[in-house]
Amino acid sequence: MFAMEVDTSDLYFMEEALKEASKAAAIDEVPIGVVIVCDNQIIARAHNLTERLTDCTAHAEMQSITIAQDHIGGKYLNRCTLYVTLEPCAMCAGALFWAQLGRLVYGASDPKRGYSVHTPSLLHPKTIVKKGILEDTCSKIVKDFFYAKRI
Ligand SMILES: [Zn+2]
């Protein structure tokens with residue numbers, strides 16, 4: 001039998017990020033969710049709130065960074081993993097640089113607004129990146145949201 005390439009804890013925490021994305025969908029926000037994990041514990045959860053807060057910077061990542069830094073009592077997240085359902089945009093990748101994030105795990109890629117399309121070097125050079133965890137589910141929740149908007 002092949003060794004599982006996917007870490008089961010990555011799957012577990014991405015499921016938690018998906019729960020956050022569902023919370024966003026339930027209030028008519030673009031369904032993107034995040035959890036930040038430190039020492040195997042979730043220290044921050046957030047979902048997109050740009051409509052609710054009338055703030056285009058209220059991406060799930062931005063909020064979760066603030067929550068995690070507050071929890072840690074420091075501005076560096078170098079011992080943390082951030083799980084996000086959709087590839088971060090350039091703004092969030094820039095913020096993750098300043099936070100010196102240890103590890104980034106994302107589900108679906110974002111070929112339009114994802115940071116890696118134009119500037120993969122936006123992240124901190126030490127940040128380890130893993131993508132494609134529960135990719136189909138993470139992608140479907142966003143597609144379903146926009147599909148429902150059109151009908
Ligand atoms: Zn963003």
Side-chain angles (χ1 to χ4, degrees), residues 5-110 112-117 119-146:
E5 248 192 66
V6 175
D7 192 327
T8 49
S9 65
D10 281 346
L11 288 174
Y12 173 80
F13 290 123
M14 190 58 82
E15 292 278 4
E16 292 298 308
L18 275 162
K19 284 183 193 168
E20 286 299 313
S22 299
K23 288 182 198 167
I27 56 168
D28 216 24
E29 296 274 359
V30 176
I32 298 164
V34 165
V35 295
I36 295 181
V37 175
C38 194
D39 296 330
N40 225 32
Q41 272 196 321
I42 294 175
I43 61 167
R45 306 177 157 269
H47 51 270
N48 179 38
L49 283 175
T50 51
E51 301 298 329
R52 189 60 61 101
L53 300 177
T54 326
D55 178 358
C56 61
T57 70
H59 288 185
E61 297 95 316
M62 301 296 276
Q63 298 174 69
S64 67
I65 291 167
T66 305
I67 296 165
Q69 289 171 333
D70 191 45
H71 178 93
I72 286 172
K75 62 182 179 178
Y76 296 126
L77 303 179
N78 54 317
R79 288 172 48 243
C80 301
T81 299
L82 183 144
Y83 293 85
V84 58
T85 54
L86 187 69
E87 178 183 353
C89 71
M91 170 181 73
C92 293
L96 292 172
F97 169 88
W98 293 115
Q100 299 190 4
L101 181 71
R103 189 164 170 262
L104 168 68
V105 179
Y106 64 88
S109 294
D110 182 353
K112 282 191 189 141
R113 302 305 306 168
Y115 78 95
S116 73
V117 179
T119 321
S121 61
L122 273 175
L123 288 176
H124 194 272
K126 285 187 179 164
T127 303
I128 296 162
V129 180
K130 190 169 182 177
K131 63 177 182 176
I133 304 293
L134 299 178
E135 183 174 10
D136 292 346
T137 317
C138 291
S139 168
K140 188 173 184 300
I141 191 171
V142 175
K143 280 183 185 151
D144 287 353
F145 177 81
F146 286 110

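Nothing fancy with the numbering, it's 1 onward along the sequence.
- Closest non-hydrogen pair, Tyr106 versus Ala108, comes out as CD1-O, 3.4 Å.
- How far CD1 of Ile65 is from CD of Gln69: 6.5 Å, rounded to the nearest 0.5 Å.
- Atom CD of residue Gln63 and atom CG of residue Leu49 lie 4.5 Å apart, to the nearest 0.5 angstrom.
- By the 4.5 Å heavy-atom criterion applied to side chains, Asp7 and Lys130 are counted as neighbours.
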List, one per line, each side-chain donor-acceptor pair under 3.5 Å for residues 79-98, sequence neighbours excluded.
residue	atom	partner	partner atom	Å
Arg79	NH2	Asp39	OD1	3.3
Arg79	NH2	Asp39	OD2	2.9
Tyr83	OH	Asp10	OD1	2.6
Thr85	OG1	Gly33	N	3.1
Glu87	OE1	Asp110	N	2.9
Glu87	OE2	Tyr115	N	3.4
Glu87	OE2	Ser116	N	2.9
Glu87	OE2	Ser116	OG	2.6

TODO: Give the intermediate values and the outcome of side chain to side chain contact (heavy atoms under 4.5 Å, CB included) for residues Thr137 and Leu18.
DONE: CA-CA 8 Å; Thr137 317; Leu18 275 162; 3.8 Å; yes
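- Judged purely by atom type and a 3.5 angstrom limit, Thr66 uses its side chain to pair as donor or acceptor with the backbone of Met62.
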Task: Phe13 and Asn40: CA distance, side-chain angles, deciding distance, side chain to side chain contact (heavy atoms under 4.5 Å, CB included) verdict - done: CA-CA 9 Å; Phe13 290 123; Asn40 225 32; 3.7 Å; yes
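- In this structure, the side chain of Ser64 engages the main chain of Ala60 through a donor-acceptor pair within 3.5 Å.
- How far CD1 of Ile72 is from CG of Leu77: 5.0 Å, rounded to the nearest 0.5 Å.
- For Asp70, the salt bridge (Lys or Arg N to Asp or Glu O under 4.0 Å) test picks out no residue, with sequence neighbours left out.
- Once rounded to the nearest 0.5 Å, the distance linking CZ of Phe146 with CD1 of Ile141 reads 11.5 Å.
- One distance of note links CD1 of Ile133 with CD of Glu135; it measures 9.5 Å at 0.5 Å rounding.
- Residues Ala25 and Pro31 approach most closely at CB-CB, 3.9 Å, considering heavy atoms.
- Here Glu29 pairs with nothing under the salt bridge (Lys or Arg N to Asp or Glu O under 4.0 Å) rule; sequence neighbours left out.
- Note that CG of Leu123 is 12.0 Å distant from CD1 of Ile128, once rounded to the nearest 0.5 Å.
- Partners of Lys75 according to the salt bridge (Lys or Arg N to Asp or Glu O under 4.0 Å) rule, which considers only residues two or more places apart in sequence or in another chain, do not exist here.
- The list of ring pair (Phe, Tyr, Trp, His ring centres under 6.0 Å) pairs with a residue in residues 34-71, not counting sequence neighbours, is empty.
- For the salt bridge (Lys or Arg N to Asp or Glu O under 4.0 Å) test, residues two or more places apart in sequence or in another chain that qualify with Arg45 are Glu16, Glu20.
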- [ ] Kindly determine whether Leu11 and Leu134 satisfy side chain to side chain contact (heavy atoms under 4.5 Å, CB included), including the steps that lead there.
- [x] CA-CA 7 Å; Leu11 288 174; Leu134 299 178; 3.7 Å; yes
